[in-house]
Asker: 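One structure coming up, written as structure tokens, with questions to follow.
Numbers for residues simply follow the sequence, beginning at 1.
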Amino acid sequence: VTPLHFDEQEFVLYPPCDSDKLYPGEFPKHYFSRVTCECRTDAEAFPRFSEATSCRVTVSEGEGLYLPYGWWHEVSGSDAPNLTLNYWFDVPVSKSELENSGG
């Protein structure tokens, strides 16, 4: 769970085209990667993970981040009290980036 915040949070983002390198779980956990923080350097278990292209973004007080559909993300915040507000809305499959890319 990502909390609503008034301090900084760091996002690590991966584009939808790297989904196969992020080792999605089996349905219904296919929206979650099997690669955890603890095993990112395990090239034997996740050999293609090192090929994934990540982008780090820091969101500070008063800023927001729009995360398009299909983007993989990991969020870490400070130890200070914080809260994150998420809003999800349905995207028709015909308009989803994953559907259009064949993923």
Side-chain angles (χ1 to χ4, degrees):
V1 175
T2 307
L4 172 66
H5 66 282
F6 59 85
D7 62 341
E8 292 185 347
Q9 288 193 323
E10 184 172 302
F11 288 74
V12 181
L13 309 172
Y14 295 89
C17 62
D18 279 349
S19 292
D20 61 327
K21 300 170 189 159
L22 301 175
Y23 299 89
E26 297 296 323
F27 184 84
K29 295 187 176 187
H30 57 290
Y31 294 115
F32 298 96
S33 173
R34 292 182 288 130
V35 182
T36 63
C37 294
E38 295 80 26
C39 65
R40 288 205 173 141
T41 57
D42 188 348
E44 188 174 319
F46 304 105
R48 297 200 64 211
F49 181 73
S50 64
E51 300 170 17
T53 304
S54 67
C55 175
R56 292 186 178 274
V57 176
T58 301
V59 178
S60 299
E61 182 178 346
E63 297 179 330
L65 175 66
Y66 171 74
L67 199 56
Y69 179 80
W71 277 73
W72 294 84
H73 54 284
E74 176 182 84
V75 185
S76 57
S78 71
D79 292 333
N82 56 74
L83 177 70
T84 298
L85 177 63
N86 294 301
Y87 176 76
W88 291 273
F89 56 93
D90 290 328
V91 175
V93 173
S94 63
K95 295 187 183 276
S96 80
E97 192 170 334
L98 293 178
E99 176 69 18
N100 293 333
S101 68

Asker: Run the numbers on Trp72 and Leu13 for side chain to side chain contact (heavy atoms under 4.5 Å, CB included), then give the verdict.
Answerer: CA-CA 6 Å; Trp72 294 84; Leu13 309 172; over 6 Å; no
Asker: Under 3.5 Å, is there a donor-acceptor pair between the side chain of Ser33 and the main chain of Leu22?
Answerer: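 Present.
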Asker: Quick one: list whatever passes salt bridge (Lys or Arg N to Asp or Glu O under 4.0 Å) with Asp42, sequence neighbours left out.
Answerer: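 Per chain and number, Asp42 pairs via salt bridge (Lys or Arg N to Asp or Glu O under 4.0 Å) with no residue.
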Asker: CG of Leu67 to CZ of Phe11: how many Å apart, nearest 0.5 Å?
Answerer: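 The CZ atom of Phe11 is 7.0 Å from CG of Leu67, to the nearest 0.5 Å.
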Asker: Look up atom OG in Ser19 and atom NE2 in His30, then write down how far apart they are to the nearest 0.5 Å.
Answerer: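 Going from OG on Ser19 over to NE2 on His30, the span is 10.5 Å.
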Asker: Which residue pairs pass the salt bridge (Lys or Arg N to Asp or Glu O under 4.0 Å) test when at least one of the two sits in residues 9-26, sequence neighbours left out?
Answerer: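 Qualifying pairs, neighbours excluded: Glu10-Arg56, Asp18-Lys21, Asp20-Arg48.
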Asker: Tyr14 vs Phe49 aromatic rings, parallel, tilted or perpendicular, using cut-offs 30° and 60°?
Answerer: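 Tyr14 and Phe49: tilted rings.
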Asker: Hey, are the side chains of Pro16 and Trp71 touching, using non-hydrogen atoms and a 4.5 Å cut-off?
Answerer: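 A side-chain contact under 4.5 Å exists here.
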Asker: With sequence neighbours excluded, what pairs up with Arg34 under the salt bridge (Lys or Arg N to Asp or Glu O under 4.0 Å) test?
Answerer: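 Once residues adjacent in sequence are excluded, Arg34 has no partner under the salt bridge (Lys or Arg N to Asp or Glu O under 4.0 Å) criterion.
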Asker: Under the salt bridge (Lys or Arg N to Asp or Glu O under 4.0 Å) test, which residues partner Glu44, sequence neighbours left out?
Answerer: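 Here no residue qualifies.
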Asker: Is there a path from Tyr23 to Phe32 through hydrophobic residues (I, L, V, M, F, W, Y) whose side chains come within less than 4.5 Å of each other?
Answerer: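 Per the 4.5 Å side-chain linkage, Tyr23 and Phe32 are not co-clustered.
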